[in-house]
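Single-structure report; data block below.
Owing to the predicted nature of the structure, the values given are computational and were not obtained by experimental measurement.
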Amino acid sequence: MRWFRMAAEQESTEAQVYLGVMYTKGDGVEKDNDEAAYWLNRAARKGSITAQRYLEKLSAKTTKK
């Protein structure tokens with residue numbers, strides 16, 4: 001987890017996506033949709049299709065409440 005955060009902070013798109021997904025699922029970290037959206041948005045702004053898809057899923061979950 002620490003390695004992914006460090007890589008994500010250093011602008012690794014793949015690490016940002018992975019970290020965002022970890023937060024959406026609570027995989028190795030406490031589930032946190034805000035933190036997930038933060039990392040996924042950073043990756044999506046750089047053109048990550050995977051991040052964009054996860055953001056769409058995350059948005060659908062949060063708007064249903």
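In terms of heavy atoms, Arg5 sits closest to Glu35 at NH2-OE2, 3.5 Å. Taking each heavy atom of Ala51 and Val17 in turn, the nearest pair found is CB-CG2, 3.9 Å.
We find the CG-NZ distance between Leu40 and Lys57 to be 11.0 Å, quoted to the nearest 0.5 Å. In this structure, the separation between OH on Tyr54 and OG on Ser59 is 15.5 Å, given to the nearest 0.5 Å. Atom CH2 of Trp39 is separated from atom CG of Leu19 by 6.0 Å, given to the nearest 0.5 angstrom.
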- Yes or no on side chain to side chain contact (heavy atoms under 4.5 Å, CB included) for Glu11 and Lys46, after CA distance, side-chain angles and deciding distance? CA-CA 10 Å; Glu11 299 305 319; Lys46 292 190 277 182; 3.4 Å; yes
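A 6.0 Å sphere centred on NZ of Lys25 holds no more than 12 heavy atoms belonging to other residues, nucleotides or ligands.
Side-chain atoms of Thr24 come within 3.5 Å of backbone atoms of Val21 as a donor-acceptor pair (strictly under, hydrogens ignored). Within the 3.5 Å criterion, the main-chain N or O of Ala8 finds a donor-acceptor partner in the side chain of Gln16.
Follow the hydrophobic side-chain contacts under 4.5 Å out from Leu58 and you never reach Tyr38; the two are in separate clusters. Hydrophobic cluster membership is shared by Tyr18 and Tyr23, with clusters built from Ile, Leu, Val, Met, Phe, Trp and Tyr side chains linked at under 4.5 angstrom.
The side chain to side chain contact (heavy atoms under 4.5 Å, CB included) test with Arg53 singles out one residue from Ile49, Thr50, Leu55, and that residue is Ile49.
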